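No hydrogens, no waters, no symmetry mates; every other heavy atom, side chains included, goes into these values. From a predicted model like this one, the values you see are computed outputs, not experimental measurements. Residue numbers begin at 1 in each chain, while the letters A, B, ... track the order of the sequences.
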Number of protein chains: 2
Amino acid sequence: MKGVEEILQQHSLKNTKVRKAVLSVLMRSDKGLSHQDLSRALDVDFDRVTLFRTLHAFEESGILHKIMDPNGIAKYAYTARPAADRHCHAHFICLDCGQVFCLDEEFPLGDMKVPKGFSKTTIDVQIKGYCNKCTAQD
Amino acid sequence: MKGVEEILQQHSLKNTKVRKAVLSVLMRSDKGLSHQDLSRALDVDFDRVTLFRTLHAFEESGILHKIMDPNGIAKYAYTARPAADRHCHAHFICLDCGQVFCLDEEFPLGDMKVPKGFSKTTIDVQIKGYCNKCTAQD
DNA sequence: ATTTAAATGCAACTCTGTTGCGTTGTTTTG
DNA sequence: CAAAACAACGCAACAGAGTTGCATTTAAAT
Ligand SMILES: [Mn+2]
Ligand SMILES: [Mn+2]
Ligand SMILES: [Zn+2]
Ligand SMILES: [Zn+2]
């Protein structure tokens, strides 16, 4: 697993406190985290706007991918695979606790049929239901 | 195609002006419409909150289904099929104009693999790219 | 060490969506 | 048809995510 500072450098992003902290948290998480999740997870209190801009920068670089939860809240997850063989993996969204999990299953973009004249870029598959914890305790 | 008033009655929803107007617009649309889209499309100016509550009521009854666009804005589309054989169809989201199209392709929920202890309810497939108009004019 | 361009922090703002409450309107029942 | 019952409506106030502009600071290049 690559180091945080190395990753930032590779994407020509300046090596700052916020960025190192945010990326470090997200690389250790198996779940997608919202802006709010992150500001709680970080020890230092960075400015709200800075955190939003950090997430945007990471998304644009392809370091993170964004998943929209059913309440319209963006969750961000670390993109483990390199941009070259960018894959389309599914996400599981728990309808109770709202957590977003990256799944391993992949989807080939080519198979999907779209109307005449439409061009495809990516495919997002969201499986909704209840996670192990929420299934158990209800 | 069933009438608006008949549909409301079948779902034990009171037959009011807003509801008839909203449902009428959505039944004629092949695209998902946001709260803002709808308030623009309606001739009469209904209260913002009433419109939100109408959409919620329709969603809960299964008359409409909700699709989250990448900007976190909810779009609603008429659910043509009856609740009995509820299917999981895909949506196309244009990355330029933001329009949401209901596609015909269906997905069987059973095929998807989820982690141990997780239970599945629905699957949402979103194909992102550029619609015919936005592909042509760029 | 200087310079330069980019990132940060702060304030103010926009927009979607929600909640509470009093009033109006649909529907049911006698 | 009139009365009652309950749901839906409209208004005001609010909450929270995300954005924009601008002055200040900081990382990185020279
Ligand atoms: Mn993911
Ligand atoms: Mn649809
Ligand atoms: Zn859960
Ligand atoms: Zn388009």
Worksheet item: So which one's nearest nucleotide on DNA chain D is more toward 5', B/Asn71 or B/Lys14?
Response: B/Lys14

side-chain N/O [X] vs [N] OP1/OP2, d < 4.0 Å:
X       : N      : result
A/Thr16 : C/dT8  : yes
A/Thr50 : C/dG9  : yes
B/His56 : C/dT18 : yes

Worksheet item: Which sits closer to the 5' end of DNA chain C, A/Thr54 or A/Val49, going by the nucleotide each is nearest to?
Response: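 Closest to the 5' end, via its nearest nucleotide, is A/Thr54.
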
When you get a sec, tell me which of [options] is the closest nucleotide to the side chain of [X]?
X       : options                : result
B/Asp47 : D/dA28, D/dC11, D/dC9  : D/dC11
B/Gln36 : D/dG18, C/dT16, D/dA17 : C/dT16
B/Phe52 : D/dT19, C/dT8, C/dT16  : C/dT16

Worksheet item: Under the criterion side chain to side chain contact (heavy atoms under 4.5 Å, CB included), which of B/Val22, B/Thr50, B/Leu33, B/Ile63 is the partner of B/Leu55?
Response: B/Val22

Discussion item. Is the distance from the ring center of A/Phe52 to that of A/His35 below 6.0 Å?
Written reply: yes

Item to complete: Please check if the distance between the ring centroids of A/Phe118 and B/Tyr130 is under 6.0 Å.
Response: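 Not under 6.0 Å, so no.
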
Practice prompt. Identify whether any heavy atom of A/Ala57 sits under 4.0 Å from a base atom; if not, whether one sits that close to sugar-phosphate; answer base, sugar-phosphate or nothing.
Written response: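 A/Ala57: no heavy atom of the nucleic acid under 4.0 Å.
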
Worksheet item: With no angle test and no hydrogens, is the base of C/dG17 tied to the side chain of B/Arg53 by a donor-acceptor pair under 3.5 Å?
Response: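 Answer no: no donor N or O sits under 3.5 Å from an acceptor.
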
Fill in: Base C/dG17 to side chain B/Arg48, donor-acceptor N/O within 3.5 Å cut-off
yes

If I take atom [atom1] in residue [X] and atom [atom2] in nucleotide [N], what distance separates them, rounded to the nearest angstrom?
X       : N      : atom1 : atom2 : result
A/Met68 : C/dG17 : CE    : P     : 11 Å
A/Leu8  : C/dA7  : CG    : P     : 11 Å
B/Gln9  : D/dA7  : CD    : C1'   : 16 Å
B/Leu13 : D/dC9  : CG    : C1'   : 15 Å
A/Glu59 : D/dG18 : CD    : P     : 11 Å
B/Arg40 : C/dC15 : CZ    : C1'   : 12 Å
A/Ile73 : D/dA15 : CD1   : C1'   : 12 Å
B/Leu38 : C/dG17 : CG    : C1'   : 15 Å

Worksheet entry | Check: B/Ile73 main-chain N/O paired with B/Asn71 side-chain donor or acceptor under 3.5 Å |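 No.
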
Worksheet entry | B/Arg81 and B/Glu106 ion-paired at < 4.0 Å | yes

